[in-house]
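Note sheet for the following structure.
Just so you know, these numbers use all the heavy atoms, side chains as well, and skip hydrogens, waters and symmetry mates. We count ligands from 1, going down the list as the structure has it; atoms in each ligand are counted the same way. Just so it is clear, the structure is predicted and the values come from calculations on it, not from any experiment.
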Amino acid sequence: MSRNDEVATLLEEFADLLEATGVEYKPTAYRRAAENVREHTAPIENLAGEGEETVAEIDRVGDAIASKIVEYFETGEIEELTELREELPADMAALTAVEGVGPKTVGSLYEALGITTLDELEAAAEAGEIRDVSGFGAKTEENILQNIPFAREARKRTRLGDARPVADAALAYLSDLDAAESVEVCGSIRRWKDTIGDIDLLVASDATGPVLEAFTDWPEADATIEAGTGKASVRADGTRVDLRIVDPAEFGAALQYFTGSRAHNVAVRNRAIDRELKLNEYGLFDVSDVDGADAGADADVADVADDDADGADADGQRVGERVAGETEAGVYEALGMDLIPPELRENNGEVEAAATGGLPDLVAPDELRGDLHTHTDWSDGGFAIAEMIAAAAERGYDYHVVTDHAAGPGVFGNTGLDEAEIAEQAEAVAEAADEVDGAAMAGEGVDADIEVFHGIEANIDAEGAITTDDATLADLDLVVASPHSALGQADEAATERLVRAVEHPHVDVLGHPTGRIINSRPGIAPDIEAVVAAAVDADTAIEVNANPARLDADGDTVRAAVGAGATIAVNTDAHSPRELDNARYGVHTARRGWAETADVLNARSADDLRAFLDD
Ligand code: DGT
Ligand code: CA
Ligand code: CA
Ligand code: ZN
């Protein structure tokens with residue numbers, strides 16, 4: 001965590017506590033400041049060292065907040081925040097993880113009932129105490145009770161977007177070690193699952209001791225959970241990180257084994273057994289001449305793992321002649337299979353496909369040519385149109401689409417644009433495009449050979465109507481339509497809603513179809529087959545929203561979509577230049593859904609994109 005992140009997190013906590021104690025406006029100011037501190041390119045500790053005025057030069061950071069930031073660096077705390085924490089000693093993060101419980105609710109429930117934890121909240125709801133608190137009722141109480149299990153479950157797993165940067169940092173650190181020959185992530189993070197139980201790392205080395213020592217000394221590790229021979233676990237940024245060190249000759253087999261998933265491994269192992277081979281984390285062995293090998297080959301998968309978990313004598317596992325194990329590709333090849341991309345390893349047909357040359361030609365991160373869903377400070381984004389265009393150009397994109405929020409249900413406050421504002425923005429987008437282009441020609445900016453389109457993120461109301469006028473939609477280059485309200489509606493209503501939306505003649509992309517927020521709310525659950533079929537007929541693309549809190553559509557939905565011939569759009573929904581980097585989470589999610597390059601709208605050229613939009 002950079003110190004900018006650290007300060008931003010503190011300011012957000014400040015905002016929550018202020019809101020909980022009933023303070024108005026200030027919480028919003030603190031949250032805006034937090035966002036800008038997080039995005040600011042200069043290290044906040046340097047600015048704080050130069051004093052309040054320098055800190056206050058950050059956008060949206062006023063004098064009052066600047067002085068608190070300086071106070072934090074000078075004294076190690078913010079006195080007012082410490083007092084607020086004492087006033088309201090509730091586990092804010094755990095409690096607000098329950099849908100329908102915000103900071104204000106936490107404040108009221110603490111004041112009335114002294115609730116500080118999820119368990120206390122559940123007990124109070126079960127005892128019928130919450131309905132009697134002023135401002136609450138039986139319905140609210142029931143909702144809270146219903147949403148607690150989801151919140152509790154959710155908090156056990158880390159979002160991909162939180163875990164991946166930790167894994168990347170660990171990878172970089174371990175790769176620098178002389179003793180490490182190869183370093184890889186494995187487990188669910190290598191498969192790019194949307195949530196991660198723990199981070200698994202694998203190192204090939206002949207010098208186990210020094211690697212282990214360096215790992216437990218990793219500056220970003222907050223604590224060592226355990227350290228044994230050949231493996232260790234630490235905690236970093238709230239997530240467990242497991243490291244295993246293996247013999248370089250066995251690296252490929254270990255990588256295959258520890259990447260999982262379990263179901264995939266079972267299927268691959270069964271294929272090995274059929275060929276009188278034995279596959280485990282140490283290698284692939286020919287056991288056709290080995291007595292009693294059948295007994296071992298039939299062993300339950302879990303048994304194998306149990307043996308290894310104890311660090312038990314592995315020699316019993318290295319039986320027969322070694323056929324493969326140094327590389328992962330070698331293991332699959334020896335089993336008559338193509339190398340299976342980790343994202344596909346869920347035993348959903350990939351084993352059969354790999355054996356028959358039928359693996360998909362998956363879309364790759366560097367194939368995206370532009371983002372079709374981005375925001376600016378015209379709605380709830382934090383940056384000017386030109387800044388977002390320049391950032392997209394810097395990424396090497398061929399095109400960029402500005403899609404601010406249209407006014408409508410579920411769009412926060414008055415941040416959404418009405419029809420007049422959308423018309424006004426069309427000119428502003430054209431001007432900003434010229435500005436970026438001009439700067440590039442003058443050699444002042446990035447090479448801005450980028451085509452800019454003007455779009456909108458329109459709202460799909462509960463019934464599936466688009467809440468912006470048709471005439472306005474018709475004038476735009478691209479329309480993303482997304483559900484932002486009524487996200488608790490019944491499945492059937494949700495299906496009708498999305499089918500109607502994708503059939504709308506001006507809608508080009510269905511944005512974050514379910515509205516889920518990972519670990520926070522499940523979103524709507526429409527009949528995906530029906531929505532996809534309608535989208536195919538209407539030539540509407542289905543978005544994979546790459547924001548790691550969303551990843552919506554998810555891999556399963558993408559699979560259904562591309563299977564039915566639908567077009568996919570991988571969009572970041574960026575509210576800042578930095579969020580354009582989230583594109584990779586979307587691409588890997590699309591890959592989990594077997595999306596090929598040809599399936600992805602924004603992997604196509606600008607001409608092909610235009611052809612799709614004009615149709
Ligand atoms: P997670 O951490 O819950 O998000 O999921 P994974 O898939 O990373 O699971 P984890 O960390 O328990 O183990 C990493 C990989 O190691 C797993 O995907 C497959 C392999 N593995 C671990 N235990 C077993 C086992 O008992 N049987 C088999 N076949 N593979 C195992
Ligand atoms: Ca794991
Ligand atoms: Ca693990
Ligand atoms: Zn958006």
Side-chain angles (χ1 to χ4, degrees), residues 153 156-160 162-164 166-167 170 184-202 231 233 239-244 246 253-270 272 279-281 299-310 342-343 345-347 371-376 378-381 388 401-406 408 410-412 415-417 455-460 478-484 509-513 515 517 543 545-547 549-550 552 569 571-576 579 582 586:
E153 197 49 42
K156 287 193 206 137
R157 297 183 64 83
T158 308
R159 285 178 186 161
L160 174 63
D162 294 326
R164 188 73 216 192
V166 177
E184 262 293 4
V185 288
C186 35
S188 53
I189 198 142
R190 185 163 180 242
R191 304 196 313 276
W192 297 83
K193 263 192 80 168
D194 46 19
T195 63
I196 304 298
D198 63 12
I199 296 169
D200 300 285
L201 299 167
L202 192 66
K231 60 183 189 180
S233 302
T239 304
R240 180 189 170 108
V241 187
D242 286 348
L243 170 72
R244 293 179 186 81
V246 301
L255 185 57
Q256 197 285 325
Y257 181 88
F258 290 111
T259 295
S261 66
R262 283 173 175 75
H264 171 85
N265 286 355
V266 169
V268 175
R269 190 189 320 253
N270 283 338
L279 176 64
N280 59 31
E281 63 180 283
D300 184 84
V301 175
D303 291 347
V304 176
D306 282 349
D307 291 348
D308 307 338
D310 307 322
E343 296 94 327
R345 300 186 196 173
E346 302 291 349
N347 195 28
D371 206 314
L372 311 181
H373 179 173
T374 67
H375 295 270
T376 76
W378 277 64
S379 65
D380 60 348
M388 294 300 288
V401 191
V402 177
T403 58
D404 273 308
H405 282 287
V411 173
F412 180 72
T415 54
L417 309 185
I456 196 76
E457 181 177 14
N459 306 290
I460 306 171
L478 185 150
V479 175
V480 177
S482 319
H484 289 113
V509 178
L510 171 62
H512 52 69
I517 299 294
E543 175 175 272
N545 191 296
N547 182 323
R550 293 189 182 273
D552 178 17
N571 297 328
T572 64
D573 197 356
H575 286 65
S576 65
E579 283 178 7
N582 286 337

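- Contacts of Asp194 classified as side-chain hydrogen bond (donor to acceptor under 3.5 Å, both in side chains), with partners at least two apart in sequence or in another chain: Arg516.
- A distance-only check finds a donor-acceptor pair linking the side chain of Arg157 to the backbone of Thr195 [under 3.5 Å].
- Of the inter-residue distances, the one linking Leu202 atom CG with Phe258 atom CZ reads 7.5 Å to the nearest 0.5 angstrom.
- Between the side chains of Thr415 and Asp380, not a single donor N or O lies within less than 3.5 Å of an accepting N or O.
- Within ligand 1, counting atoms from 1 as listed, the ones closer than 4.0 Å to a heavy atom of Arg191 are 7 (O), 18 (O).
- Ligand 1 has no nitrogen or oxygen under 3.5 angstrom from a nitrogen or oxygen of Thr195.
- A distance-only check finds no donor-acceptor pair linking the side chain of Arg240 to the backbone of Gly197 [under 3.5 Å].
- Minimum-distance N/O/S atom of Asp198 relative to the Ca ion (ligand 2): OD1.
- Taking 3.0 Å as the threshold, Asp242 does not count as a candidate ligand of the Ca ion (ligand 2), since none of its N, O or S atoms lies below it.
- Ser482 places no side-chain N or O within 3.5 Å of a backbone atom of Asn459 that could act as its donor or acceptor partner.
- Here Asn265 has side-chain heavy atoms under 4.0 Å from ligand 1, and that is the only part of it that gets that close.
- Shown here are the protein N/O/S atoms lying under 2.8 Å from the Zn ion (ligand 4), water excluded: His373 NE2, His375 NE2, Glu457 OE1, Asp573 OD1.
- For Asp371 and Thr572, the side-chain atoms include at least one donor-acceptor pair closer than 3.5 Å.
- For the Ca ion (ligand 2), the nearest N, O or S atom contributed by Asp200 is named OD2.
- With hydrogens and angles ignored, the 3.5 Å screen pairs a side-chain donor or acceptor of Glu543 with a backbone N or O of His512.
- When only interatomic distances are considered, the shortest N/O to N/O separation between Ser261 and ligand 1 does not fall below 3.5 Å.
- Side chain of Asn582 to backbone of Ala546: no donor-acceptor contact under 3.5 angstrom is found.
- Taking every heavy atom of Arg269 and a limit of under 4.0 angstrom, the matching atoms of ligand 1 come to 29 (N).
- Atom CG of Asn265 sits about 11.0 Å away from atom CG of Asn280, to the nearest 0.5 Å.
- Contacts of Ile189 with ligand 1, taken as heavy-atom pairs under 4.0 Å, are absent altogether.
- Residue contact check for ligand 1: Ile199 places no non-hydrogen atom closer than 4.0 Å to it.
- Remark: Glu343 engages Arg591 in a salt bridge (charged side-chain N to carboxylate O under 4.0 Å, His left out) (not counting sequence neighbours).
- Residue contact annotation: Lys193 has no non-hydrogen atom under 4.0 Å from ligand 1.
- Residue contacts with ligand 1, taken as heavy atom pairs separated by less than 4.0 Å, involve Arg157 solely via side-chain atoms from C-beta onward.
- In this structure, His405 and His484 have perpendicular ring planes: the angle between them is above 60°, well past the 30° mark.
- Under a 4.0 Å criterion applied to the non-hydrogen atoms of Thr259, ligand 1 contributes the atoms 18 (O).
- Considering backbone and side-chain N/O of Gly197, one or more are found under 3.5 Å from N/O of ligand 1.
- Residues that satisfy the ring-ring contact (aromatic ring centres under 6.0 Å, His included) test with His575, not counting sequence neighbours, are His375.
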